[in-house]
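Since the structure comes first, as structure tokens, the remarks are kept for the end.
Throughout, a chain's letter reflects where its sequence line sits, starting with A, and its residues are numbered from 1.
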There are 2 protein chains.
Amino acid sequence: MQEHEKIFENFLKIKDLKLTKPRKIILNTVFATHEHFSVDELYDQIRKKHKDVSRATIYRTIPLLVESDLIKQSLRCLAKDHYEHTYGHDRHFHLICEKCGKIIEVESKKAENILNKLAKIHNFDIKEYNVGAKGICKNCRKKI
Amino acid sequence: MQEHEKIFENFLKIKDLKLTKPRKIILNTVFATHEHFSVDELYDQIRKKHKDVSRATIYRTIPLLVESDLIKQSLRCLAKDHYEHTYGHDRHFHLICEKCGKIIEVESKKAENILNKLAKIHNFDIKEYNVGAKGICKNCRKKI
DNA sequence: AACTAATTGCAAATAATTCTCAATCGCATT
DNA sequence: AATGCGATTGAGAATTATTTGCAATTAGTT
Ligand SMILES: [Mn+2]
Ligand SMILES: [Mn+2]
Ligand SMILES: [Zn+2]
Ligand SMILES: [Zn+2]
């Protein structure tokens, strides 16, 4: 059993919920790649192998995955909301190319520290970061 | 005529569009306060005085205001998208309290610089920043 | 195997946004 | 001030994204 399965199962157990087949399929699809995904993309991906998992269950499972800290909502500056699994990955920011959609992930303890300091000044307790920028990537700039 | 009206009119003129009555009403409502607003909140605000402006026109005008750099989409970590007028205001980040909804605006050239440097490393051209954090504010923490 | 509460898929409901279109507006020209 | 014409509008229909109600099914327990 994979680490993320254990974590999810424990999380569910505490809430008297069960790691059912559909939930396991959703979880494992999410952890099969490190792509950022919309609900629809996830649905399509899952449907390739499992014709019996419904959109409703995906919509019902995502909040559980978020609450258990296995995935996060990220890239909220695109048209659709996107998620990504974050368990096993360090916190990072996103540079999103408006032309080609490319996503560059960037880590920066420095930036984190600054945000933390700013929060401290205001006596604010940060639970979740939401940092990114939209623009044009290297390759797309060349083309202009 | 206010500065923002002039800017909007110029912007529109270049595109062979007109600063019509509804557009003027929407623009001026947006610039009447520095609140962050959802489309619905803006609609309600406008409707207090102008029963004849439709949702459709608001939805059609917002992209024009964004394109003319008078307003920006911000607070993309709440359920609904929110906008704010940014013309006349420095760039800032948002700390959003999950309990009471309070929004703290924070300026930081340092944070901007770091993001810019990170972008530079990746040869990425930032067009728009999207920086914030969710958490618990000072007052709400006391209450726990 | 029987029991029970949680879970599921489906389809209907809701919410947010976009689109269609006929009527109107704004502005330039007569 | 009347005319012409493309841009604009509001109303409501259409679309898209998400949530919900419910009867049938499942997982775990006795
Ligand atoms: Mn990422
Ligand atoms: Mn702001
Ligand atoms: Zn690109
Ligand atoms: Zn608060």
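Within the 6.0 Å centre-distance limit, the rings of B:Phe31 and B:His4 are counted as a close aromatic pair.
As judged by a 4.0 angstrom heavy-atom cut-off over every strand, A:Arg23 is placed among residues touching the sugar-phosphate backbone only. In this structure, B:Asp52 reaches the sugar-phosphate backbone alone: every heavy-atom distance under 4.0 Å involves primed, P, OP1 or OP2 atoms, never a base.
As rounded to whole Å, 17 Å separates atom C1' of D:dT8 from atom NZ of B:Lys13. The CD1-P distance, from B:Ile25 to D:dT8, rounds to 16 Å in whole Å. Distance A:Ile46 CD1 to C:dT8 C1': 14 Å, rounded to the nearest Å. Distance, B:Asp44 CG to C:dA16 P: 12 Å, rounded to whole Å. Between A:Arg60 atom CZ and C:dA6 atom C1' there is a gap of 11 Å when expressed in whole angstrom units. B:Leu19 places its CG atom 17 Å from the P atom of D:dA7, with the value rounded to the nearest Å. For A:Ile62 and D:dT18, the CD1 to C1' distance is 11 Å, given to the nearest whole Å. Rounding to whole angstrom units, CG of residue B:Leu12 and C1' of C:dG26 are separated by 13 Å.
At least one side-chain nitrogen or oxygen of B:Thr20 sits closer than 4.0 Å to the OP1 or OP2 atom of D:dT9. A:Arg55 has no side-chain polar atom (N or O) that falls below the 4.0 Å cut-off from OP1 or OP2 of C:dC10.
Residue B:Asp40 is the one, among B:Asp40 and B:Pro22, whose nearest nucleotide of DNA chain C lies closer to the 5' end (criterion: closest heavy atom). When the nearest nucleotides of DNA chain C are assigned to B:Glu9 and B:Ala56 by heavy-atom distance, the more 5′-ward of the two goes with B:Ala56. Nearest-nucleotide assignment on DNA chain D puts the 5′-proximal partner with B:Asp16, out of B:Asp16 and B:Val53. Projected onto DNA chain D by closest heavy-atom contact, B:Lys18 and A:Lys18 fall at different nucleotides, the more 5' of which corresponds to B:Lys18.
Side chain to side chain, B:Asn28 and B:Gln2 fail the donor-acceptor criterion of an N or O pair below 3.5 Å. Neither side chain, A:His92 nor A:Glu107, offers a donor N or O lying under 3.5 Å from an acceptor on the other.
Not counting sequence neighbours, the partners of B:Asp40 by the salt bridge (Lys or Arg N to Asp or Glu O under 4.0 Å) test are B:Arg55.
B:Lys15 places no side-chain N or O within 3.5 Å of a backbone atom of B:Phe11 that could act as its donor or acceptor partner. Judged by distance alone, with hydrogens and angles left aside, the side-chain atoms of B:Arg23 form a donor-acceptor pair with the main-chain N or O of B:Lys18 at under 3.5 Å.
Classification of the B:His94-B:His36 ring pair by plane angle, with boundaries at 30° and 60°, yields perpendicular. Using a 30° and 60° split on the angle between ring planes, B:His85 and B:His34 fall in the perpendicular class, above 60°.
Each of C:dT8, D:dT8, C:dT7 was ranked by its minimum atom distance to the side chain of B:Leu17; first place goes to D:dT8. Closest approach to the B:Tyr59 side chain among C:dG9, D:dT19, C:dT18 is made by C:dT18 (side chain taken as heavy atoms from C-beta onward).
Note on the helix from C:dA1-D:dT30 to C:dT30-D:dA1: angle between the axes of the first and last five pairs equals 20°, rounded to 10 degrees.
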